[in-house]
Amino acid sequence: MKILSIYDFSNLTQAIHTWLSGKMSVVSTQVVEMILVGTVFLLFFAVLGLVLVYAERKVCAIIQVRLGPMRVGKWGTAQTLADFIKLVFKEPLITRDADKFLFNLAPFIIIIASFMAVAVMPFAKGLQAMDFDIGLFYISAVSSIGVTSILVAGWASNSKYSLIGAIRSGAQILSYELSAGLSLLTIVILTGSLQLSEIVESQADGWWIWKGHVSSIIAFVIFIIAGTAETNRGPFDMAEAESELTAGFHTEYSGIKFAFFFLAEYVNMFIIAAIGATVFFGGWMPLHVGNFEAFNNIMDYIPSVVWFFMKVSAIIFLMMWFRWTFPRLRIDQLLTLEWKYLLPLSLMNILLMAFLSLMGWHF
Amino acid sequence: MNEVTEYFSDIFKGVRSLLKGMSVTGYYFLHPKEIITQQYPENRDVLKVPERFRGELVMPHTADNQHRCTGCSACQLACPNGSIIIVSDRVETPEGKKKKVIDKHVYNLAMCTFCNLCVRACPTDAIVMSNDFEHATYDRGELIKILNQPGSKVLEGIEE
């Protein structure tokens with residue numbers, strides 16, 4: 001645990017805070033800090049979007065025995081940047097008789113929802129913009145704001161494809177929110193806290209996926225299924241089923257507004273993976289195996305940020321693997337899966353976990 | 001089987017079939033050597049075109065300029081687009097009989113859909129699909145090709 005302290009970011013953030021407080025009043029310190037954090041997240045989102053889109057295209061290509069983007073830059077690394085520049089220069093079209101105000105508002109709602117969710121993410125020890133007592137609850141609350149944007153976008157577009165896509169997406173996200181929440185609650189039984197930093201700290205001697213054994217694994221599987229559904233990604237991409245709805249709720253969007261929706265999809269994927277990594281795989285906690293002191297010490301030398309991003313990318317890869325393997329579900333199959341299988345299973349699982357925790361049968 | 005066991009066995013069967021699918025895609029992800037994409041203009045010298053690829057219709061000729069086409073028009077009849085026209089001629093054989101021989105095998109590449117029906121219809125295997133696929137030209141007229149080379153003759157003994 002001693003070694004961990006060199007990678008503790010709270011010293012850095014504290015130093016910035018003290019320096020700013022010495023220069024200006026309390027209120028302006030707050031404002032400047034907010035602007036700083038916002039800028040950092042804005043840059044982070046941009047980089048995240050570029051990297052994840054590239055990664056998705058490469059993973060998809062290799063799974064489909066293709067090469068993927070290869071022309072722009074070495075191994076096509078600059079491809080997403082080129083696509084982004086193209087999107088920025090495109091004309092933002094609006095359909096006739098569309099509700100202009102809502103049409104323009106929708107992309108911002110979805111981006112703001114992702115911004116709010118990422119604010120409580122513990123990237124490393126002390127590297128967390130906000131540390132609410134009810135962090136996990138807050139995340140599941142704000143991440144469901146995104147569906148409002150999809151509904152608004154579908155309604156305001158004045159297009160039947162958009163509307164059908166939006167309605168489907170509404171039904172889907174409302175349903176899957178339940179099992180996502182319940183599977184997270186399963187772990188909360190063990191942690192006894194909703195605060196994300198505390199959830200991470202509670203895994204110092206082992207990750208919950210290991211400590212909660214059977215029940216944790218079921219919870220993780222349910223969480224990853226529900227999480228994939230919540231981000232509207234394949235095999236649950238009913239909202240934009242290309243073959244039936246052209247592009248679903250963002251059919252009528254173009255240019256930078258389309259880019260916002262596109263970016264939000266990938267940021268939401270990151271958020272789901274980050275929650276999964278934090279709750280089930282110990283967030284930024286290094287891998288510790290029992291009493292192997294030497295091994296544990298070596299693991300401690302890897303910075304916590306690296307651990308966090310390693311776990312997140314592993315889960316993101318899993319989600320990409322799903323997307324490019326499974327065929328899309330029909331809307332009734334989608335709702336059957338949630339209401340007849342995932343929800344009863346997660347309710348049973350939460351009971352099982354309560355029992356395990358009551359008997360002390362977890363590690 | 002009662003309903004409860006059916007419910008759970010459904011879940012296990014579902015999970016098993018999903019894992020099976022993931023193992024297939026996982027195999028391809030871990031074996032990038034399986035990738036079949038070719039970086040075309042760069043690898044022009046080492047380009048590997050599959051043997052059965054249908055690039056264009058050709059009529060192979062022997063070294064002494066002989067082909068196997070008797071001018072029977074079977075390919076012309078088989079072609080669904082009418083992209084083959086056989087222009088035949090009548091010549092007098094040494095025995096004094098009139099005999100049908102091919103004058104021009106006109107093949108319009110622009111209209112061809114590479115369905116291979118002409119190759120299958122040919123009774124003497126005179127025409128085959130080649131692998132050559134770089135057909136871009138500046139003039140549409142260049143796409144109308146005469147397959148038998150000038151001065152070529154039909155191979156002896158094909159017609160019997």
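Every chain is numbered from 1 and lettered A, B, ... according to where its sequence line falls, protein lines coming before strand lines. As the structure is a prediction and not an experimental result, all values here were calculated from the model. The figures that follow rest on heavy atoms only: side chains count, while hydrogens, waters and symmetry mates do not.
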Self-check item: Atom CZ of B:F12 with >12 non-hydrogen neighbours under 6.0 angstrom
Solution: no

Quiz item: Heavy-atom distance under 4.5 Å to chain A: side chain of B:Y7, backbone, both or neither?
Solution: both

Practice problem: To the nearest 0.5 Å, tell me how far B:M22 CE sits from A:L318 CG. | Solution: 5.0 Å

Quiz item: So with a 6.0 Å cut-off around OH of A:Y341, is the heavy-atom count from everything else above 12?
Solution: yes

Practice problem: Count the heavy atoms belonging to other residues, nucleotides or ligands that lie under 6.0 Å from CZ of A:F84, then report whether that count exceeds 12. | Solution: no

Practice problem: Under the salt bridge (charged side-chain N to carboxylate O under 4.0 Å, His left out) rule, collect the residues that match up with B:K145, sequence neighbours excluded. | Solution: B:E56

Self-check item: Per-residue contact mode, B:L30 against chain A (heavy atom under 4.5 angstrom)
Solution: neither

Quiz item: Under 4.5 Å, heavy atom to heavy atom, which residues of residues 218-230 of chain A contact chain B?
Solution: none

Just distance, no hydrogens or angles: give the donor-acceptor pairs under 3.5 Å from side chains in residues 346-358 of chain A, sequence neighbours left out.
| residue | atom | partner | partner atom | Å |
| --- | --- | --- | --- | --- |
| A:S346 | OG | A:L342 | O | 2.7 |
| A:S346 | OG | A:L343 | O | 3.1 |
| A:N349 | OD1 | A:S215 | OG | 2.8 |
| A:N349 | ND2 | A:S215 | O | 3.1 |

Quiz item: How far apart are the closest heavy atoms of B:T37 and A:V65, and which atoms are they?
Solution: OG1-O, 3.8 Å

Quiz item: Taking the side chain as C-beta and beyond, is there a heavy-atom pair between A:Q64 and B:Y28 under 4.5 Å?
Solution: no

Exercise. Could you label the plane-to-plane angle of the B:F29 and A:F317 rings as parallel, tilted or perpendicular, counting under 30° as parallel and over 60° as perpendicular?
Key: tilted

Quiz item: Between B:Q39 and chain A, which part of the residue has a heavy atom less than 4.5 Å away: side chain, backbone, both or neither?
Solution: both

Quiz item: salt bridge (charged side-chain N to carboxylate O under 4.0 Å, His left out) with A:D332: which residues, sequence neighbours excluded?
Solution: A:R330

Quiz item: Just wondering, are more than 12 heavy atoms of other shown residues or ligands nearer than 6.0 Å to CD1 in B:I36?
Solution: no

Quiz item: When you look at A:W324 and B:T25, which way does the side chain to side chain donor-acceptor pair (under 3.5 Å) test go after all the steps?
Solution: CA-CA 8 Å; A:W324 299 108; B:T25 46; over 6 Å; no

Quiz item: Say you draw a straight line from CD of B:Q38 to CG of A:L67; how long is it, rounded to the nearest 0.5 Å?
Solution: 9.5 Å

